[in-house]
Amino acid sequence: MSSTYSINRDQIIALALRKLGVLEIGDTPDSSSVANAAMSLNLLLKQFSTDGLKLWKVSELIVPLTANQPSYVLGGSGSALMYDALAPTIAITDKPLKVIQGFYRNLQSTPHIDTPVLLVSKQEYNTLGSKFSTGTANTIFYDVRKTNGILYVYLTPDSNSQTNLEMHLVAQMPINDISLATDIPDFPNEWMNCLVWNLADQLALEYGVPMNHRQEIASKAAIYKAQLVDWDVEAYS
């Protein structure tokens with residue numbers, strides 16, 4: 001026995017088309033139908049990134065500090081160096097969607113000492129004093145842009161910060177795209193049924209599904225999604 005059952009992209013598409021009543025059990029959708037449904041599925045996953053916290057996509061990132069540099073581009077072209085704390089040799093190029101927590105780690109002490117920094121809004125950051133005053137950072141502001149994000153650090157790191165401190169961010173990362181037929185969506189197995197029904201809901205109008213059938217599909221899709229968004233929360237306050 002196991003608890004790892006999952007389904008891939010084309011299996012999700014076939015199941016969704018069967019929910020719509022446009023694909024018989026045992027039949028395989030044609031390549032055009034698969035390509036169209038795959039596009040809708042990827043768009044759906046992008047939208048799902050904005051719903052809830054997606055705990056499995058929360059990562060601890062390391063952003064090395066540079067003396068006299070108050071801001072760092074995260075993700076996209078021209079990104080500053082950024083690493084996964086669990087695999088510090090692997091560079092991360094995805095744009096963090098949201099920064100939840102920040103702290104700096106003093107590498108000079110043994111064991112290392114972590115000190116939290118304050119996350120502030122754009123308005124609060126703008127009211128701070130000279131952005132080029134150097135020292136040890138105690139405040140950060142993360143500005144989310146279209147293809148990247150910009151991390152502003154206050155105070156601006158000095159040479160001691162560059163040498164002895166690491167900035168750590170706890171951030172929500174984007175959900176991976178699915179490109180291949182055998183790709184498994186970047187979701188826990190508990191979400192697979194929800195993905196099937198929500199894809200069916202996305203495709204229902206395209207296939208001219210009768211309204212009463214569309215309403216039933218939409219209802220199930222909304223219920224399954226709400227259950228999982230409510231469940232996908234921290235266990236403790």
Side-chain angles (χ1 to χ4, degrees), residues 42 45-177 186 232-234 236-237:
N42 273 298
L45 299 188
K46 295 298 182 189
Q47 185 179 359
F48 273 15
S49 294
T50 67
D51 294 330
L53 190 55
K54 303 293 182 292
L55 293 179
W56 69 94
K57 294 303 297 183
V58 174
S59 299
E60 182 180 329
L61 308 175
I62 299 173
V63 180
L65 298 172
T66 302
N68 302 313
Q69 183 174 326
S71 64
Y72 303 81
V73 175
L74 304 185
S77 60
S79 176
L81 290 177
M82 180 171 53
Y83 302 96
D84 188 330
L86 296 179
T89 60
I90 299 177
I92 303 296
T93 58
D94 289 335
K95 174 190 75 175
L97 300 179
K98 187 183 298 183
V99 172
I100 303 165
Q101 182 186 20
F103 60 91
Y104 62 82
R105 175 163 293 167
N106 190 333
L107 304 177
Q108 193 175 31
S109 62
T110 305
H112 300 330
I113 297 175
D114 294 341
T115 303
V117 296
L118 181 65
L119 271 69
V120 298
S121 66
K122 187 182 184 75
Q123 180 181 7
E124 291 171 313
Y125 176 78
N126 288 340
T127 60
L128 295 173
S130 171
K131 305 301 188 294
F132 292 93
S133 297
T134 59
T136 300
N138 56 23
T139 303
I140 60 175
F141 161 57
Y142 182 60
D143 188 16
V144 183
R145 314 304 295 172
K146 181 180 178 182
T147 58
N148 55 38
I150 303 176
L151 177 70
Y152 293 90
V153 179
Y154 181 85
L155 301 165
T156 295
D158 55 17
S159 57
N160 175 69
S161 297
Q162 175 175 310
T163 304
N164 299 313
L165 302 181
E166 279 181 345
M167 180 62 68
H168 286 238
L169 305 176
V170 178
Q172 181 179 345
M173 303 303 290
I175 293 170
N176 295 334
D177 300 332
D186 188 18
D232 180 34
V233 295
E234 291 276 10
Y236 307 100
S237 61

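In this chain, numbering begins with 1 at the start of the sequence shown. Values in this document were obtained by computation on a predicted structure and should not be read as measured data.
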Which pairs of donor and acceptor atoms, one on a side chain in residues 84-94, lie under 3.5 Å apart (sequence neighbours left out)?
unit_1: D84; atom_1: OD1; unit_2: L86; atom_2: N; d: 2.9

Identify every side-chain donor-acceptor pair in residues 50-59 under 3.5 Å, counting partners at least two apart or on other chains, and give the distances.
unit_1: T50; atom_1: OG1; unit_2: Q47; atom_2: O; d: 2.7
unit_1: D51; atom_1: OD2; unit_2: K225; atom_2: NZ; d: 2.6
unit_1: K54; atom_1: NZ; unit_2: F48; atom_2: O; d: 2.9
unit_1: K54; atom_1: NZ; unit_2: D51; atom_2: O; d: 2.1
unit_1: W56; atom_1: NE1; unit_2: D186; atom_2: O; d: 2.8
unit_1: K57; atom_1: NZ; unit_2: P174; atom_2: O; d: 3.2
unit_1: K57; atom_1: NZ; unit_2: D186; atom_2: OD2; d: 2.7

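The closest side-chain heavy-atom distance from N138 to Y104 is not below 4.5 Å. The closest side-chain heavy-atom distance from F103 to E60 is below 4.5 Å. Proximity of N106 to L165: side-chain heavy atoms (C-beta onward) are separated by under 4.5 Å at one or more points. In this structure the side chain of L169 never reaches within 4.5 angstrom of the side chain of Y142, judged on heavy atoms.
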Evaluation steps, side chain to side chain donor-acceptor pair (under 3.5 Å), between Q162 and S159: CA-CA 5 Å; Q162 175 175 310; S159 57; over 6 Å; no
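Residue pairs meeting the ring pair (Phe, Tyr, Trp, His ring centres under 6.0 Å) criterion with at least one partner in residues 143-167, sequence neighbours excluded, are Y125-Y152, F141-Y152.
Using modelled atom types, one side-chain atom of S121 and one backbone atom of E124 make a donor-acceptor pair closer than 3.5 Å. With hydrogens and angles disregarded, a donor-acceptor distance shorter than 3.5 Å links the side chain of S161 to the backbone of G135.
Under the side chain to side chain contact (heavy atoms under 4.5 Å, CB included) criterion, A171 pairs with L61, P96, V99, M173, not counting sequence neighbours. K131 meets the salt bridge (charged side-chain N to carboxylate O under 4.0 Å, His left out) test with no other residue; sequence neighbours excluded. Not counting sequence neighbours, the partners of E166 by the side-chain hydrogen bond (donor to acceptor under 3.5 Å, both in side chains) test are H168.
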